[in-house]
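Below: one structure, written as structure tokens.
No experiment lies behind these values; they were computed from the predicted model shown.
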Amino acid sequence: MDETRRDRDTEGRAHNARPRDGLGRPLPYGTPGVERQPEGVVRAPSETVREAQRLLDAGMPFHAHEVFEDAWKSGPEAERELWRGLAQLAVGLTHAARGNATGGARLLRRGAAALTAFAGAGGSGRPAEAAGETAASDASAATTAHGIGIGALTGWALELAARVEDTGAPTVDAAAEAPRLRPDGG
């Protein structure tokens, strides 16, 4: 690839074709990288969660963010904030693992805030208010949307955000810090 020209897709739009590492950082042309997630894949919510968890467990939160982004862009309007919040958590973990504590903490908190509206969603994936529920209406449903443990995930994000902001805190290991999206581990 001629590095003086911009990479383009088949329609002529700018598209970065450089290889990436597991945290999504661009590598020099010709360097082996990790396989990139295809863009625009429409998945069922359970498939989205399963694929994102696989990538998080592999220490690839940037790639998990791309899976969540597909759901955010292709899913029902009522669920977009859920998927956007999950994408922000994955990018927050990415930044924390890259050593950007400020950006990581900010995105972890922003993602956690977006998820709080879904704490009483039951399995619907819609915000609790839209689903006609409150967090107090059903203790078990109060923590899930599409089986995602919203309460535990929000707690994980806020705890990690505080930890990475500590002066002198080490860069986090993305795989070791990967959250469990579903309480049942599925």
Side-chain angles (χ1 to χ4, degrees), residues 20-25 33-76 78-98 100 103-128 131 140-164 171-186:
R20 303 270 174 166
D21 71 5
L23 292 175
R25 292 175 288 219
V34 300
E35 187 173 338
R36 295 177 77 163
Q37 287 296 304
E39 293 181 26
V41 176
V42 178
R43 298 174 181 89
S46 61
E47 293 174 87
T48 295
V49 174
R50 189 172 29 258
E51 179 63 6
Q53 187 69 68
R54 182 187 72 76
L55 293 164
L56 289 166
D57 291 345
M60 298 171 58
F62 178 82
H63 302 278
H65 131 271
E66 291 178 338
V67 171
F68 288 135
E69 193 172 86
D70 284 341
W72 162 18
K73 292 178 178 179
S74 67
E79 295 183 10
R80 292 208 172 135
E81 284 301 301
L82 170 69
W83 302 115
R84 185 176 69 85
L86 291 166
Q88 288 172 325
L89 294 184
V91 173
L93 178 55
T94 300
H95 281 286
R98 290 177 177 175
N100 176 2
R106 185 173 293 133
L107 281 162
L108 287 163
R109 286 192 179 100
R110 191 178 301 155
L115 294 181
T116 59
F118 295 87
S124 72
R126 297 178 300 155
S140 63
T143 60
T144 63
H146 293 302
I148 299 166
I150 300 296
L153 199 51
T154 300
W156 165 85
L158 296 175
E159 185 276 330
L160 183 58
R163 196 160 24 98
V164 300
T171 300
V172 302
D173 176 320
E177 295 290 346
R180 298 306 313 159
L181 300 174
R182 290 192 166 142
D184 64 5

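Here the CG-CG distance, from Leu108 to Leu158, works out to 8.5 Å after rounding to the nearest 0.5 Å. Between atom CG of residue Leu153 and atom CZ of residue Phe118 there is a gap of 12.5 Å, rounded to the nearest 0.5 Å. In this structure, the separation between CD on Glu79 and CG on Leu86 is 10.5 Å, given to the nearest 0.5 Å. Residue Thr94 holds its OG1 atom at 9.0 Å from CG of Leu107, rounded to the nearest 0.5 Å.
Smallest separation of non-hydrogen atoms from Ala97 and Thr171: O-CG2, 2.8 Å. The shortest heavy-atom contact between Ala145 and Ile150 is N-CG1, 4.2 Å. In this structure, Gln88 and Ala114 approach most closely via the heavy-atom pair OE1-CB, 4.3 Å. Taking every heavy atom of both residues into account, Ala112 and Leu89 meet most closely at N-CD2, 3.6 Å. Shortest non-hydrogen contact noted between Val67 and Thr48 is CG1-O, 3.6 Å.
Sequence neighbours left out, the pairs with a member in residues 106-115 that pass side chain to side chain donor-acceptor pair (under 3.5 Å) are Arg109-Glu165. Contacts classified as salt bridge (charged side-chain N to carboxylate O under 4.0 Å, His left out) and involving residues 151-164 (residues at least two apart or in different chains) are given here: Glu159-Arg163, Arg163-Glu177. For residues 84-97, the set of pairs meeting the salt bridge (charged side-chain N to carboxylate O under 4.0 Å, His left out) definition, not counting sequence neighbours, comprises Glu81-Arg84.
Under the side chain to side chain contact (heavy atoms under 4.5 Å, CB included) criterion, Val41 pairs with Pro38, Arg43, Asp70, sequence neighbours left out. The salt bridge (Lys or Arg N to Asp or Glu O under 4.0 Å) check on Glu47 picks up nothing, with sequence neighbours excluded. With sequence neighbours left out, Ser74 forms a side chain to side chain contact (heavy atoms under 4.5 Å, CB included) with Val42.
A donor-acceptor pair is defined here as one N or O able to donate and one able to accept, closer than 3.5 Å; no such pair exists between the side chain of Arg20 and the backbone of Arg25. Thr116 places a side-chain N or O within donor-acceptor distance of the main-chain N or O of Ala113, the cut-off being under 3.5 Å.
In this structure, Leu115 and Ile148 have side chains that are not in contact, with every pair of non-hydrogen atoms separated by 4.5 Å or more. Pro179 places a side-chain heavy atom less than 4.5 Å from the side chain of Leu93.
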Please tabulate, one pair per line, all N/O donor-acceptor pairs under 3.5 Å involving side-chain atoms of residues 54-64, not counting sequence neighbours.
{"residue": "Arg54", "atom": "NE", "partner": "Glu51", "partner atom": "OE1", "Å": "3.0"}
{"residue": "Arg54", "atom": "NH2", "partner": "Glu51", "partner atom": "OE2", "Å": "2.7"}
{"residue": "Asp57", "atom": "OD1", "partner": "Gln53", "partner atom": "NE2", "Å": "2.9"}
{"residue": "Asp57", "atom": "OD1", "partner": "Arg180", "partner atom": "NH1", "Å": "3.0"}
{"residue": "Asp57", "atom": "OD2", "partner": "Arg180", "partner atom": "NH1", "Å": "3.2"}
{"residue": "His63", "atom": "NE2", "partner": "Asp21", "partner atom": "O", "Å": "3.3"}

